[in-house]
Structures are given as structure tokens and as C-alpha cells.
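First comes the structure, then the notes that go with it.
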Amino acid sequence: MDKLRIVGGQRLQGAVTISGAKNAALPQIAASLLSAHPLELTNLPAVTDVDNMLAVVERHGAEVTRSAHGARIDTGAAVSKETSYDTVRRMRATMLVLAPLLARFGEARVSLPGGCAIGARPVDMHVKALATLGADIDIENGLIVASAPKGMNGARIVLGSPSVGATETAMMAATAARGETEILNAAREPEVADLAACLNAMGAHVEGAGTHRILIEGDRGWRPATHDIIPDRIEAGTYAVAAAITGGQLELTHARLEHLASVVQLLEAAGVSVWPGDRGLVVARDGPLRTVDITTEPYPGFPTDLQAQFMALMCCAEGASLLRETVFENRFMHVPELMRLGANITLQGTTALVRGGEPLKGAQVMATDLRASVCLVLAALVCDGETTINRIYHLDRGYEQLDRKLHLCGAEIERISA
Ligand code: EPZ
């Protein structure tokens, strides 16, 4: 397995091109199954999660034509068949094909995703949303078996909590249901709004995405469509921390300030400067880091997908900071590895107390999940000496050419192929 070798101590300077958002691309690839007309996606990030989701729709009979950062998906010959446990086990987001397959073919069989490194991650809200639209859902031998032979009917769906995936499942199913659907307590993430924009380009009628109340006028017919995917706010936030932690200055090309308001607010409280540049956001730090307390929340709150990265940053700020994780029940897998680098962190349930300011020292560490892995890369950029990060396939799932992008900004980083 490939590994990364990083020697700390370089201040990062330069520009980083932010790629398309993985978490916008995945539901949109799934949504292509709703329609028999082709869907062209541009600004796709070159990450393995996207490769895997395209392979999933291919296994359902779609014809996929790839370009560097794009894909044309023709699902004219798509079929409904079981989406296996092996497929879903490797990527939870595969769950997102359930609603499109059910809407298109009147039936779908998708394996339950099971847990993953960051928690149990049930799918009860996905299932409940489909049942509210009139689908019959059974769980048999680890499979979700959904059927709606007479189609689905628009309804009012009230989500128990603003789940991103459940909102996307409800939205996609509702576009094919007869009549109007109202989704209340919907997730407001930009990736949900981007999925709605993609569905509308395909012929759907979705209003209010990005707010807690989404209205869908269903069953309007489909047409060929092209959609350009929004930039990845989590990748942008990650490189913002890279600039902050090394005391450098980076311009994050294509990054959108409006998607990062809560992140920018915390960066500025920590002593980091952020301002609009010619091509995106500029992030710089030349004074001391200050400690800040962080609580992760659904959008527009501080994103759970940046919690690990900010923990690495707080390890370098003199004093104590509290990081509270409210979205997932086990998203501190990076803590033991950070402690191997000399970080002083105490865990109590869903809260981590970081006592920062001591210098970190390079060591061998292990990547565990996507965001925990990149947290270790950020810490390694400021460690004394050399750090080796193993199992970096986790990084390749969601970060396009991370080592190359960092190297171009002055990091001493090398990918070692096994
Ligand atoms: C999406 O996951 C993202 N993934 C995650 O990014 C992100 O961390 C998460 O939203 C929160 O923002 C994609 O978009 C592909 P949720 P999702 O449904 O949809 C519970 C990354 O690193 N829940 O909003 O799975 C669930 O267990 C990934 O890029 C239920 O209880 O997240 C979790 O505790 C990691 N029942 C909470 O809600 C359900 O039916 C939030 O989950 C669904 C979810």
C-alpha cells in the first residue's frame, strides 16, 4: 500500500486549485439513474469515490464515458438489480442509488451499508422517507428491498434530523412521485442545493433546496442535461488549515466564501486572515495561533468533515481548546495517531480537550478514514523531522492529487508506492 513521507517545517506559499465537490458528485451520479436520457457532469473531482460510484451505475447498465474531470452517463440501457453488500460496504454513499432505482423501475434491492470507521450510520430516515411516498420497504437478510409497482405519491416528509443523505434520497424519489412533495427539516448543505440544481437541469422541479423546506413538483418527465459541480468546500477548508498551520499564505482557486462562513469565522478567531483574492479565497497567518472552541453542527454550522483538520491546528495553538463532535458518534479516530506525534489530547465522550503549543515530532502513523488521514498530513507539515503516513488510499477517496498540490506550494512531501 502506498504511503506518504513528509518532512515538516515549510511555510506553504502559492495557489491551490480546489476540485469539484466529492459529496456533490456522488448523489448526482446516482441521480443519473432516474432518467433514460444522458447526463453530462463537469468539474468532477479525480478521486476514487467518484470512480467507484461511476462503476456502480455501470454495473446497473449505464454507459459511462470519462474525460479528465467529466463524465457522460447514459442510462438508457440501465436495469434494476441488486446492489451488493460488497459494493455498499466499501462506500456508504452507494446507498444513494436506492431512490433512483426505485423511482425508475418500481423496485430496488440495496444492501444495508452497515457501520463504518466513523460510526453506525443507520439509514432509517432514508427508509422512512420512501415509505412516506408510498413505497413498500422490507429489510431482508441485510438487504433493503423496496417496491412501488404503481409508482409513488407526493407527500409531506418530516426528517427526524437534517440528514444530508436522507434529504437527497427523499428529493430524488419525490421527483418521480405524482404530485407535490414537501420535505421539512431538510439538510441545508450546498451539496444538497447542487443536487437540486442538477435534478432541475434534468427536468425536475425542485424549489427551496439549501433551506430547511424543499418543495418538489414530481413526475414532470426528463431530458438530456449537463451540470457543472460546485467546488469542494471541505477540500478548501483543508487547505485553509494547511496555510494556517504552517504560517504561510495560500490562494484557494475556485473556493466560495459563502460555503465557508462558519469556517472562516473560526479561522479568524484563531488569528488567521482570510480575504477574497482574484481567483478565490486567500488564507494567511503571520502572527501566533489562538485557541478556539469548536462544536460541529449541520450546515451552516461548523462542518464535521473539518473537525479533524481543526484539531491538528489547535495542537499548534498555545493553550486549551475544546472540540465537540455532535454529528457522528465516533469521529476521533485521528486522536491516537495525533498523540503519536506528541499531541496532548484528552477524550471525554464526544468531546476532545486539546492542550496545544508543545512542538510535534515526526513518527510513523496510520490513516483510518478520509478526514482523519488528512489531519495527519496537516500535522506532519509542522512536525520536527519526518513523518510517514501509511494506508493513504483513504486520502485518495476524497482528495485529488493531495501530495502534488501540497508539493507545488512548497511542502516537503513524497508519495512512496508500495
Ligand atoms: C454526508 O454523509 C457526507 N457524505 C459526509 O461526508 C458528511 O460527514 C455528512 O453528510 C454530514 O455532513 C456524503 O455526502 C457522501 P448524514 P451522510 O445522513 O449523508 C445519522 C466525508 O468525509 N443518520 O447527514 O451519511 C448518521 O448516523 C463524509 O466526505 C441516521 O441516524 O450523513 C449521522 O450520525 C463522511 N439515520 C448523522 O445522521 C439516517 O437515516 C448525519 O448523517 C441517516 C443518517
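Everything numeric in this text was worked out from a predicted model, so none of it was measured. Whatever order the structure lists them in is the order used to number ligands and atoms, beginning at 1.
No hydrogens or angles considered: a donor-acceptor pair under 3.5 Å links the side chains of Thr346 and Arg355. For the residue pair Glu325/Thr304, the side-chain donor-acceptor check at 3.5 Å is satisfied.
Of all the heavy atoms of Thr304, the ones lying under 4.0 Å from any atom of ligand 1 belong exclusively to the side chain. The parts of Asp124 lying near ligand 1 are both backbone and side chain, judged by heavy-atom distances below 4.0 Å. Heavy atoms from both the backbone and the side chain of His126 come within less than 4.0 Å of ligand 1. With a 4.0 Å cut-off on non-hydrogen atoms, Arg331 touches ligand 1 through its side chain and not its backbone. Here Glu168 has no heavy atoms under 4.0 Å from ligand 1, in either its backbone or its side chain. Under 4.0 angstrom from ligand 1, the non-hydrogen atoms of Val327 come from both its backbone and its side chain.
Sorted by first then second residue, the side chain to side chain donor-acceptor pair (under 3.5 Å) pairs that include residues 397-412, not counting sequence neighbours, are Ser19-Glu400, Ser19-Lys405, Asp49-Arg397, His69-Glu400, Glu235-Lys405, Thr238-Tyr399, Gln309-Tyr399, Arg371-Tyr399.
Looking at Ser163 next to ligand 1, an N or O pair under 3.5 Å apart turns up. In terms of N/O distances under 3.5 Å, ligand 1 is approached by Gly165. Checked against a 3.5 angstrom limit, the closest N/O atoms of Leu26 and ligand 1 fall outside it. Between Glu329 and ligand 1, not a single N/O pair is under 3.5 Å apart.
In this structure, Tyr239 has no ring-ring contact (aromatic ring centres under 6.0 Å, His included) partners at least two apart in sequence or on a different chain.
Across Pro27, Pro122, Ala30, heavy-atom proximity to atom 31 (O) of ligand 1 is greatest for Pro122.
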